[in-house]
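Take a look at the structure below.
Sequential numbering from 1 along the given sequence is applied to the chain's residues.
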Amino acid sequence: MPNSGYEILQYSVCDGWVNNLLDGEKNPYVFATLEEAIAELQEEFDDWNAEIQAGDRDKDGGYDICTFQIKCAATGILYALDLIDGKVAVS
């Protein structure tokens with residue numbers, strides 16, 4: 001586990017909170033800043049919303065923001081997230 005950076009965690013019934021984003025070597029991806037992690041997650045939510053709007057994804061097939069959180073690897077602090085007007089925000 002890296003000692004610095006921020007991980008996007010997603011809740012899974014089977015595994016609990018896990019980092020599902022992997023780098024090219026299949027290691028958990030860690031962002032340098034909280035802002036970079038939020039931007040990555042925002043891009044994912046924007047893509048999912050675009051797929052829903054285009055009819056390529058079921059309206060109920062989007063992901064729920066409450067199944068995501070961001071963890072600071074250095075401190076262990078967990079940041080709860082919310083969607084405000086379609087934008088990912090720390091709540």
Side-chain angles (χ1 to χ4, degrees):
M1 174 86 167
N3 60 8
S4 64
Y6 295 83
E7 294 183 89
I8 297 173
L9 305 179
Q10 185 175 14
Y11 184 77
S12 162
V13 173
C14 296
D15 300 320
W17 291 101
V18 295
N19 182 342
N20 290 321
L21 294 174
L22 304 177
D23 66 13
E25 302 297 317
K26 300 197 182 211
N27 297 310
Y29 195 86
V30 179
F31 297 88
T33 67
L34 177 61
E35 291 76 16
E36 288 177 7
I38 291 170
E40 175 66 25
L41 195 53
Q42 181 67 57
E43 186 176 318
E44 293 295 327
F45 271 89
D46 289 346
D47 288 347
W48 296 325
N49 188 48
E51 290 172 4
I52 290 168
Q53 296 301 316
D56 296 332
R57 180 185 289 265
D58 184 54
K59 185 175 182 179
D60 296 328
Y63 288 91
D64 188 342
I65 192 70
C66 72
T67 65
F68 292 90
Q69 61 185 0
I70 296 175
K71 178 181 178 182
C72 176
T75 65
I77 291 175
L78 298 171
Y79 296 90
L81 303 171
D82 201 355
L83 274 180
I84 301 172
D85 296 326
K87 300 297 178 196
V88 175
V90 173
S91 60

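- F68 CZ to L83 CG: the interatomic distance, rounded to the nearest 0.5 Å, is 10.0 Å.
- Once rounded to the nearest 0.5 Å, the distance linking OH of Y6 with CG of N19 reads 15.0 Å.
- The structure places CH2 of W17 at 6.5 Å from OG1 of T67, a figure rounded to the nearest 0.5 Å.
- In this structure, NZ on K59 lies 8.5 Å from CD1 on I52, to the nearest 0.5 angstrom.
- Considering only heavy atoms from C-beta on, V90 stays 4.5 Å or farther from I70 through its side chain.
- Residues Y11 and L9 are not in side-chain contact: their nearest non-hydrogen atoms beyond the backbone lie 4.5 Å or more apart.
- Among V30, L78, L21, the single residue meeting the side-chain contact (heavy atoms from CB on, under 4.5 Å) criterion with E7 is V30.
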Side chain to side chain contact (heavy atoms under 4.5 Å, CB included) between L22 and N27, worked out | CA-CA 5 Å; L22 304 177; N27 297 310; over 6 Å; no
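- Atom CG of residue D47 and atom CG of residue D56 lie 11.5 Å apart, to the nearest 0.5 angstrom.
- Between C72 and Y79, the closest heavy-atom pair is CB-CE1, 4.3 Å.
- Of all heavy-atom pairs spanning Q42 and G86, the tightest one is NE2-O, 2.9 Å.
- Atom CD of residue E36 and atom CD1 of residue I8 lie 10.5 Å apart, to the nearest 0.5 angstrom.
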